[in-house]
Asks: 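Please read through the structure below; I'll follow up with questions.
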Amino acid sequence: MIRVQTEDFDVGAELAALSTDDHSIGGVTSFVGYVRDLAGSASVSAMTLEHYPGMTEKMLGDIEAEAQRRWPLAASLIIHRYGRLVPGDRIVLVACASAHRQASFEACNFLIDWLKTKAPFWKQEQTPDGPRWVDARAGDDIAARRWQPPESSS
Amino acid sequence: MIRVQTEDFDVGAELAALSTDDHSIGGVTSFVGYVRDLAGSASVSAMTLEHYPGMTEKMLGDIEAEAQRRWPLAASLIIHRYGRLVPGDRIVLVACASAHRQASFEACNFLIDWLKTKAPFWKQEQTPDGPRWVDARAGDDIAARRWQPPESSS
Amino acid sequence: MKLLYFAWLRTRTGVGEEEIERPEGVETVQDLVEWLRKRGPEFAEAFANMKVVRAAVNQTYVQLEHPLAEGDEIAFFPPVTGG
Amino acid sequence: MKLLYFAWLRTRTGVGEEEIERPEGVETVQDLVEWLRKRGPEFAEAFANMKVVRAAVNQTYVQLEHPLAEGDEIAFFPPVTGG
């Protein structure tokens, strides 16, 4: 399931809903991303997350379908917020339920790595020196490349 | 933090408490383990989880300290239940908070792998044929061995 | 064609969204980028270094050689920084 | 010495916990296992295959060669199946 929204989400309720009534599920791995107040050296008072409506939902749906193809998942969930956020706010929730824990771990790790490199969101930070668009981190690209099928990494 | 208890836990509240007031945290990875109703071919109506009071707390504390040494974690939490559980019940929660997501993923994966192979808990399932002690899975040992320091894997 | 600009491509060009007729000779995304660069200094600056610009056509990532058709939705944006 | 038995080692021996004086000649965990096997058929069966029995002394996993001292807490249990 995919949700793109400005509102916060209730992690406990979302995770409980993911595994309700399916007693073949042995584990749920989840990742919650937060706004940090350390961005390089500047202190961040708030940020605005811009996205590309339409393409975001399409890409998140494609990525989730790919995870479902690669791992035997009983259920999965991606929630990504946009709009104004302050340090400590939740930005993203990724959760994967599976009969066995390693599938849920790998699928969740895969989803967040792809999401960080492919999903069309952009952070603009409010710093003491004014607004600043956050630069992409090279480390994120390297993390996502781990998951490429061999024939497409050239 | 370590807790060994019979009561259920509130995943949302536990994860929120882990990251409160520390805005250097970029992500929290968590794993929730559930009682499954598929155990080989027999149908499980309930199970009892026995543990070794004293050694359990000591081992969970040691494993958590080892994770803190290996990865830069802002906070970590292990909750493990014992006593009578039914399919769909939560058994275990492992959560790791870090500035960067990969550290939180690896530490959480490490903790659950170790916990499954080292923490002194034993499952006894109630099946239609009577109570049955669950055998250890060889796959769990292999998963835990990934994390051994090179000098101790021989 | 519908053109969309996100993040600093939007703030530097001053345009978020616009409808244009496909200009003569614009057959690919690369052609469109070259046409946009001639529009003025804001566009020339925003599209100066295509290593830091991503393009999507009809909400799918594409390379600069991707052909364009009437009615396409073309978006330009920097490498993503979500999550 | 305090002896503890968990899971099927408890149900097969019928004992969960007991205090014993260290028997003569019992210097290691292996010695203790051999002494326990002679106690009766339940113990002989429970300790027949040490590949499926783990031992801990004072709440730390040990090998069978581990030496024993007066006052030790020695636990026997199968490979763990928690989580």
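For the numbers below, each heavy atom of this structure counts, side chains included, while hydrogens, waters and symmetry mates do not. Naming: A, B, ... by sequence-line order, numbering from 1 per chain.
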Asks: Chain A: which of Cys108(B), Gly26(B), Gly27(B), Ala97(B) shares the most heavy-atom pairs with it under 4.5 Å?
Replies: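 Greatest number of close heavy-atom pairs with chain A: Gly26(B).
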Asks: Among Gly33(B), Ala13(B), Gly12(B), Ala99(B), single out the residue with the greatest number of heavy-atom pairs under 4.5 Å to chain A.
Replies: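 Option with the greatest count: Ala99(B).
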Asks: Measuring from Leu15(B):CG to Leu15(A):CG, what's the distance to the nearest 0.5 Å?
Replies: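 Going from the CG atom of Leu15(B) to the CG atom of Leu15(A) covers 7.0 Å.
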Asks: Could you tell me which of Val92(A), Val32(A), Asp10(A), Val11(A) has the largest number of non-hydrogen atom pairs under 4.5 Å with chain B?
Replies: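 Winner by heavy-atom pair count: Val32(A).
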Asks: Suppose a student defines contact as a heavy atom less than 4.5 Å from any heavy atom of chain A. Which residues in residues 75-91 of chain B would they list?
Replies: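 Contacts with chain A: Pro87(B), Gly88(B).
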Asks: Using heavy-atom distances under 4.5 Å, tell me whether Ser104(A) contacts chain B through its side chain, its backbone, both, or neither.
Replies: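 Contact with chain B: side chain only.
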Asks: Can you name the closest pair of heavy atoms from Ser19(B) and Tyr34(A) and give their distance?
Replies: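 Taking every non-hydrogen atom into account, OG-OH, 3.2 Å.
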Asks: Between Val28(A), Val94(A), Asp21(A), which shows the greatest number of heavy-atom pairs under 4.5 Å with chain B?
Replies: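 Going by pairs under 4.5 Å, I would pick Val28(A).
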Asks: Considering heavy atoms only, which positions within residues 48-57 of chain A lie below 4.5 Å of chain B?
Replies: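 Within residues 48-57 of chain A, no residue comes under 4.5 Å from chain B.
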Asks: For Gln102(A) and Asp113(B), which heavy atoms make the closest approach, and how far apart are they?
Replies: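 Looking at all heavy atoms of both residues, the closest pair is OE1-OD1, 4.1 Å.
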Asks: Taking atom CD1 of Ile112(A) and atom OG1 of Thr29(B), what is their separation to the nearest 0.5 Å?
Replies: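 The CD1 atom of Ile112(A) sits 8.5 Å away from the OG1 atom of Thr29(B).
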Asks: Under 30°, 30 to 60°, or over 60°: which ring-plane class applies to Phe105(A) and Phe105(B), parallel, tilted or perpendicular?
Replies: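 Phe105(A) vs Phe105(B) ring planes: perpendicular.
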